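The structure appears below as structure tokens.
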Amino acid sequence: SQLSVCGASQTATDEDCSLPALADLLPLCAQLAFTATPSPAVRTDADAEHCDGGDGDGGGGGGGGTVPVVARLLAVLCNKPGVLGERAAAIGELVRQQCQTRLKDDLSKLQPHHITVFAWICKGLVMRGDAIGFEIGRAFFATLALRDLCTASAEAVRVVMADDDQHLNQQSQCVVQLFYKQRFFAQSLPLLMDLYPSAPQKQALFLVLLHLLANIPPPVLLAHLEKLLPMITEALKETDPKLLASSVKIVAVLLREAPTVVGDHLVTFVRALLSLMSFKDSMEVRRLALETLGTCTSTFNYHQLYPFKEDVVARTRTALDDHKRVVRQEAARCRNAWIMLQFREEQR
């Protein structure tokens with residue numbers, strides 16, 4: 001594909017990237033990104049997941065739909081215009097200007113597939129430190145309050161923050177500024193905290209929070225821990241399996257990296273993890289909850305964990321009969337670690 005050529009070539013030139021063909025794609029890019037009605041052939045990421053089943057059997061070679069493919073192409077053009085030549089630079093600059101113009105319109109007129117395109121353009125621009133990229137990022141938080149766009153906006157934050165192994169990376173000669181994730185996080189966190197108290201759809205906010213926290217170094221997370229703890233603990237009460245799995249992973253990082261800070265909230269986390277051990281809708285959530293409980297024994301002192309020991313040992317006995325083998329194995333390790341608490345304390 002044209003995207004693969006432009007994204008991976010080590011010596012990209014106008015001829016290598018077939019830039020006349022890229023220029024011909026610009027009308028389609030404009031239709032996808034800057035019009036109110038997608039073409040019938042366009043599929044979003046969510047559509048592709050439902051149609052393809054995630055295993056590649058039903059997609060007919062669609063590669064996840066037209067929108068993500070063209071969006072990645074735009075992201076590459078916006079990220080490294082100087083590498084791809086003058087004509088590519090002109091296309092990237094035009095897309096950048098159209099984004100800036102579009103953000104001044106009524107955001108409620110956008111559709112989810114527009115957010116998908118904006119997300120990839122934002123990633124390409126933010127990676128090279130372009131102010132327009134951060135402006136697009138702020139728009140995602142404005143659309144989080146809109147019921148029809150909140151899920152797509154949360155996914156957009158994931159696209160910006162997560163690493164892209166295919167095209168937008170240093171191996172593909174993309175421009176990657178140091179600490180661009182930390183800059184995007186620093187801009188996003190105050191916007192998220194402002195939305196949290198009155199947000200009607202808190203699940204989307206939790207997804208955004210977890211996408212942000214999962215892609216920053218632990219020291220950055222710990223620096224903002226006090227203000228984030230209420231949101232993290234509330235996210236553990238949700239019912240979405242993917243959201244819960246991400247929440248438990250964040251809690252595991254907190255318990256491992258900041259035991260002194262989290263110590264005052266240990267009772268909240270232990271009770272939440274005990275509850276998630278019996279979460280029926282996801283084997284991964286049950287396994288992660290048991291794994292995180294088990295790691296507590298090597299992080300906290302005996303006197304901190306003793307009040308929970310009897311309850312944990314009793315509750316994990318039930319998990320030993322789980323119908324999934326990996327859960328039973330994790331339950332055995334966790335239960336044994338808590339039973340051995342006193343013996344390890346005596347040996348210290």
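Small disclaimer: the values here were computed from a predicted structure and weren't measured.
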message = Applying salt bridge (charged side-chain N to carboxylate O under 4.0 Å, His left out) to E330 and R333, what does each step give before you reach the verdict?
response = CA-CA 5 Å; E330 203 60 60; R333 284 191 286 265; 3.0 Å; yes

task = For residues 316-335, pull every pair meeting ring-ring contact (aromatic ring centres under 6.0 Å, His included), keeping only residues two or more places apart or in separate chains.
result = none

key: Derivation of the side-chain contact (heavy atoms from CB on, under 4.5 Å) call for I136 and I132   = CA-CA 6 Å; I136 298 173; I132 301 301; 4.3 Å; yes

Check residues 250-266 and write down every donor-acceptor pair under 3.5 Å in which the side-chain atom is one partner and the other belongs to a residue at least two apart or another chain.
none

ask   = Do the side chains of V312 and L320 join up, straight or via other hydrophobic residues, at under 4.5 Å, putting them in one cluster?
value = no

query = Can you get from V157 to F179 by hopping between Ile, Leu, Val, Met, Phe, Trp and Tyr side chains that sit under 4.5 Å apart?
reply =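 Cluster IDs for V157 and F179 differ.
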
query = Can you list the residues that meet the side chain to side chain contact (heavy atoms under 4.5 Å, CB included) rule with Q177, with sequence neighbours excluded?
reply = R183

Quiz: residues 271-290 side-chain donor-acceptor pairs under 3.5 angstrom, not counting sequence neighbours:
residue : atom : partner : partner atom : Å
S278    : OG   : S275    : O            : 3.1
S282    : OG   : E284    : N            : 3.3
S282    : OG   : V285    : N            : 3.2
E284    : OE1  : R287    : NE           : 3.3
E284    : OE2  : R287    : NH2          : 2.8
R286    : NE   : D322    : OD2          : 2.8
R286    : NH1  : F279    : O            : 3.0
R286    : NH1  : S282    : O            : 3.4
R286    : NH2  : D322    : OD1          : 3.2

ask   = At what distance, to the nearest 0.5 angstrom, does CD of Q111 lie from OG1 of T116?
value =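 Those atoms lie 11.0 Å apart.
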
request  = Rounded to the nearest 0.5 Å, what's the gap from CG on D130 to CD on E135? Could you check?
outcome  =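 It comes to 10.0 Å.
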
Is a side-chain N or O of [X] found less than 3.5 angstrom from the main chain of [Y], in a donor-acceptor match?
X: K181; Y: M161; result: yes
X: N79; Y: A75; result: no
X: W338; Y: L305; result: no
X: R128; Y: C78; result: yes
X: S247; Y: L243; result: yes

request  = Test L213 against F185 for side-chain contact (heavy atoms from CB on, under 4.5 Å), laying out the working first.
outcome  = CA-CA 8 Å; L213 298 184; F185 173 80; 3.9 Å; yes

N/O donor to acceptor pairs below 3.5 angstrom from side-chain atoms of residues 221-233, sequence neighbours left out:
residue : atom : partner : partner atom : Å
H224    : ND1  : V220    : O            : 3.0
T233    : OG1  : L229    : O            : 3.0
T233    : OG1  : P230    : O            : 2.9

Side chains of residues 137-150: which donor-acceptor pairs under 3.5 Å do they make with residues two or more places apart or in other chains?
residue : atom : partner : partner atom : Å
R138    : NH1  : Q187    : OE1          : 2.8
T143    : OG1  : A139    : O            : 3.3
T143    : OG1  : F140    : O            : 2.9
T143    : OG1  : S153    : OG           : 2.5

request  = Would you check, one step at a time, whether the test side-chain contact (heavy atoms from CB on, under 4.5 Å) holds for L207 with H211?
outcome  = CA-CA 6 Å; L207 283 172; H211 292 328; 4.3 Å; yes

